Asks: 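I have a structure here, written as structure tokens, and I will follow up with some questions on it.
Letters A, B, ... are given to chains in the order of the sequence lines, protein chains preceding strands, and every chain is numbered from 1. This is a predicted model, so every value here is computed, not measured.
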Amino acid sequence: MIDPRVLREEPDRVRTAQTRRGLSSAPVDDALAADEARRRTIADYETRRAEQKSLGKEVARASGEEKAELLARTRALSAEVKELEAAQGAAEQAWRDAVLAIPNLAHPDIPAGGEEQFALLETRGEMPEFDFTPRDHVELGAMLGAIDVERGAKVSGSRFYYLTGVGAELELALVMMAMDQARATGFTPMIPPSLVKPRAMEGTGFLGQAADDVYRIEGQDLYLVGTSEVPLAAYHSDEILDGAQLPLRYAAFSPCFRKEAGSHGKDTRGIFRTHWFDKVEMFVFTTLDEAEAEHERLLEHEKAFMDKLELHYRVIDVAAGDLGLSASRKYDCEAWLPSQERFRELTSTSNCNDFQTRRLDTRARYAEGIGPVATLNGTLCSTNRPIIALLETHQQADGSVRVPAALQPYLGGREVLEPR
RNA sequence: GGAGGCGUCGCCUAGUGGCCUAUGGCGCCCGCCUGCUAAGCGGGUUGAGGGUGAUCCCCUCUCGCGGGUUCAAAUCCCGCCGCCUCCGCCA
């Protein structure tokens with residue numbers, strides 16, 4: 001959630017941020033009104049409650065007629081306090097709901113507008129060129145015995161797949177390479193739970209408009225996570241961190257589950273958009289002051305990884321309207337897919353500043369007192385999209401695939417993957 | 001899954017309806033004292049929210065969480081969650 005103090009003191013900043021996302025500023029006014037109502041009911045309740053408490057003490061001391069009289073007064077007061085408390089609770093909840101409905105403030109430097117309004121930051125790597133007709137990853141995956149989408153569909157339905165043989169090896173190689181890089185750059189490797197309680201889901205902002213995309217476990221209050229960002233953000237929920245220990249950098253490997261409810265008919269071929277995939281995700285807790293610099297570092301880590309895969313890709317600064325609830329700024333790395341002849345998202349890194357920690361009650365103790373903590377996340381390596389990009393980019397006329405030098409040690413030194 | 005036990009301020013702990021504005025110890029912080037160190041002495045030390053928002057002051061909430069009983073709940077009742085022990089099952 002956004003900082004209630006910013007809302008109260010600089011509502012115009014919030015309104016502007018809404019507009020840049022292409023959203024109405026009505027929720028801002030709703031939240032302001034709710035805040036006022038909330039504070040009024042708090043004052044009402046607390047005044048009466050204080051009165052009740054002091055009378056209660058007199059009751060304890062009194063006796064006889066005096067006590068009977070006091071009891072009569074205090075009984076009536078008790079009922080009133082109960083009502084005021086309920087009213088206060090309701091106002092508190094209404095206020096919370098209103099503030100929770102407001103997305104993070106979009107960073108002032110990013111473009112306003114929707115998906116197409118992104119700013120191109122740079123393009124890296126060489127555009128792959130072929131003197132034959134390139135195959136797509138489905139065909140290559142079949143030739144290599146690496147990907148089996150037919151049996152994935154047979155067993156689990158559409159948007160599921162098996163990685164087989166060298167395909168499975170490829171995923172493990174990517175994961176190990178990502179983890180090695182993460183460890184070398186100061187991240188603690190983590191394997192978090194991929195089922196979480198509503199609190200974690202809510203706290204990371206995935207139960208709002210994005211709730212359609214989330215799998216819920218039948219008969220239990222548990223959700224399958226769409227990214228390990230969720231269990232990592234919630235890792236320090238209800239904690240006061242030691243400010244001197246920041247930043248805390250984690251890199252998690254986990255499966256990711258997505259209903260893809262809103263994308264029927266989109267990217268149906270192959271393993272580009274699936275209900276399940278695995279991912280190594282970077283996640284950082286740091287100070288608000290350091291958040292932007294850390295965001296740049298996360299982007300550098302992502303670029304370094306893409307470079308090792310020798311992919312052609314571009315880096316974009318995502319527009320305000322395409323940020324999602326929690327992010328104030330987001331950079332995507334999009335790799336060129338020869339079969340689609342366009343750039344497609346492989347990684348995404350977001351600066352959420354204190355939006356998630358406020359919901360999850362994560363703070364830190366600094367020299368000047370207890371204060372907010374920022375969170376940032378970034379994909380280091382999801383598994384299937386990089387596999388697609390690798391196969392398609394480094395394919396050769398006979399269907400074999402060249403292995404980038406950095407990845408070779410993780411594949412037993414193989415330089416080329418040969419069709420079966 | 002069955003049976004039992006436990007959950008109090010960073011840690012340990014006292015507390016079985018009003019004197020709890022929650023005890024004591026450890027740790028930590030500030031100060032004093034001691035010519036180093038150690039010891040000793042005094043004070044402080046959960047967090048959140050509100051009061052037309054000064055690190056001061058006042059108030060409310062916070063004894064795992066949520067309800068209930070009561071004029072009054074750490075304390076009594078109900079539900080839930082977590083942890084521990086034993087049994088069963090099991091990778």
Side-chain angles (χ1 to χ4, degrees), chain A residues 1-11 13-14 31-100 191-203 216-217 219-223 231 234-246 248 255 285 354-373:
Chain A
M1 68 192 276
I2 63 165
D3 187 345
R5 275 176 49 166
V6 171
L7 176 68
R8 196 183 301 165
E9 290 165 18
E10 304 168 80
R13 227 179 102 198
V14 186
L32 282 170
D35 186 30
E36 213 161 290
R38 160 180 163 269
R39 284 187 287 162
R40 202 168 50 241
T41 58
I42 287 173
D44 289 348
Y45 159 68
E46 288 187 356
T47 311
R48 287 313 217 181
R49 174 65 180 153
E51 204 176 318
Q52 181 192 32
K53 284 180 70 171
S54 70
L55 274 182
K57 280 181 187 135
E58 287 182 44
V59 170
R61 285 191 295 267
S63 61
E65 210 175 290
E66 191 193 355
K67 183 162 188 166
E69 191 195 319
L70 276 170
L71 278 178
R73 280 172 59 194
T74 205
R75 224 185 299 268
L77 197 54
S78 173
E80 192 183 349
V81 166
K82 194 165 279 187
E83 268 175 46
L84 289 170
E85 188 181 12
Q88 191 261 323
E92 191 88 42
Q93 188 58 50
W95 168 76
R96 210 179 151 72
D97 290 344
V99 179
L100 285 176
I191 298 187
S194 14
L195 285 92
V196 299
K197 298 195 276 189
R199 171 90 192 285
M201 221 60 186
E202 171 68 34
R216 185 163 188 275
I217 302 296
Q220 275 188 300
D221 228 1
L222 286 174
Y223 296 90
Y235 187 61
H236 290 299
S237 55
D238 298 322
E239 291 183 24
I240 298 173
L241 305 172
D242 176 0
Q245 298 291 312
L246 298 176
L248 296 173
F285 293 87
D354 54 343
F355 189 84
Q356 295 178 323
T357 52
R358 217 172 271 288
R359 293 173 159 224
L360 290 165
D361 267 315
T362 301
R363 291 156 293 160
R365 199 180 300 278
Y366 303 107
E368 40 325 326
I370 289 172
V373 170

Asks: Quick one: A/E46 CD to B/C61 P, roughly how many Å, whole number?
Replies: 8 Å

Asks: For A/R358 and B/A48, give me the distance from atom CZ to atom P, rounded to whole Å.
Replies: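 Computing the A/R358:CZ to B/A48:P distance gives 12 Å.
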
Asks: Please give, in whole Å, the distance from B/G49 P to A/R96 CZ?
Replies: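 The distance from CZ of A/R96 to P of B/G49 comes to 11 Å, rounded to the nearest Å.
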
Asks: Any luck finding a side-chain donor-acceptor pair between A/R49 and A/Q52 under 3.5 Å?
Replies: yes

Asks: With RNA chain B as reference, determine whether A/D35 or A/Y45 sits nearer its 5' end, using the nearest nucleotide of each.
Replies: A/D35

Asks: Could you tell me how far B/U37 sits from B/A54 if I compare only their P atoms? Round to whole Å.
Replies: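 Looking at atom P only, B/A54 and B/U37 are 42 Å apart.
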
Asks: Quick one: is A/K53 getting a side-chain N or O under 4.0 Å of the B/C61 phosphate, OP1 or OP2?
Replies: yes

Asks: Indicate whether OP1 or OP2 belonging to B/U69 is found under 4.0 Å from a side-chain N or O atom of A/K82.
Replies: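 Checking B/U69 against A/K82, a side-chain N or O does come within under 4.0 Å of OP1 or OP2.
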
Asks: Would you say A/R75 reaches B/A72's phosphate, i.e. side-chain N/O to OP1/OP2 under 4.0 Å?
Replies: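 Checking B/A72 against A/R75, no side-chain N or O comes under 4.0 Å of OP1 or OP2.
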
Asks: Distance check, C1' atoms only: B/C76 and B/U23, in whole angstrom units.
Replies: 22 Å

Asks: Using atom P of each nucleotide, how far apart are B/G79 and B/G2 to the nearest Å?
Replies: 14 Å

Asks: Rounded to whole Å, how long is the line connecting atom CZ of A/R199 with atom P of B/C81?
Replies: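 Roughly 17 Å, once rounded to whole Å.
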
Asks: B/G17 and B/G5: how far apart are their C1' atoms, nearest whole angstrom?
Replies: 25 Å

Asks: For A/R73 and B/C71, is the shortest distance between a side-chain N/O and OP1 or OP2 below 4.0 Å?
Replies: no

Asks: When the distance from CD1 of A/I370 to C1' of B/C9 is rounded to whole Å, what number comes out?
Replies: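 That distance rounds to 13 Å.
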
Asks: Under 4.0 Å between a side-chain N/O of A/R38 and OP1 or OP2 of B/G50, yes or no?
Replies: yes

Asks: Using a cut-off of less than 4.0 Å, is there contact between a side-chain N or O of A/S78 and OP1 or OP2 of B/U70?
Replies: no

Asks: What does A/A43 touch in the nucleic acid at a heavy-atom separation under 4.0 angstrom: a base, only the sugar-phosphate, or nothing?
Replies: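 No contact.
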
Asks: 5'-most contact on RNA chain B: A/T74 or A/I42, nearest heavy atom basis?
Replies: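 This one resolves to A/I42.
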
Asks: Check if the side chain of A/E92 and the base of B/G49 share a donor-acceptor pair of N or O atoms closer than 3.5 Å.
Replies: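 By the distance-only test, no, there is no pair.
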
Asks: Could you give the distance separating B/C80 and B/C28 at their P atoms, to the nearest angstrom?
Replies: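 Taking atom P in both B/C28 and B/C80, they lie 43 Å apart.
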
Asks: Counting Watson-Crick and G-U wobble pairs only, both distances under 3.5 Å, name the nucleotide matched with B/G31, or none.
Replies: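 Per the H-bond distance test, B/C41.
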
Asks: Can you tell me which residue among A/R75, A/R48, A/R73 is in a salt bridge (charged side-chain N to carboxylate O under 4.0 Å, His left out) with A/E80?
Replies: A/R48

Asks: On the nucleotide B/C71, are OP1 or OP2 found under 4.0 Å from the side-chain N or O atoms that A/Q52 carries?
Replies: no

Asks: Given B/A72, is OP1 or OP2 found less than 4.0 Å from the side-chain N or O atoms of A/R49?
Replies: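 No, because none of the side-chain N or O atoms of A/R49 sits under 4.0 Å from OP1 or OP2 of B/A72.
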
Asks: Give me the distance, rounded to whole Å, that separates B/A22 from B/U46 when you measure between the C1' atoms they each carry.
Replies: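 B/A22 and B/U46 have their C1' atoms separated by 12 Å.
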
Asks: Between B/G64 and B/A73, how far is it from one P atom to the other, in whole Å?
Replies: 16 Å

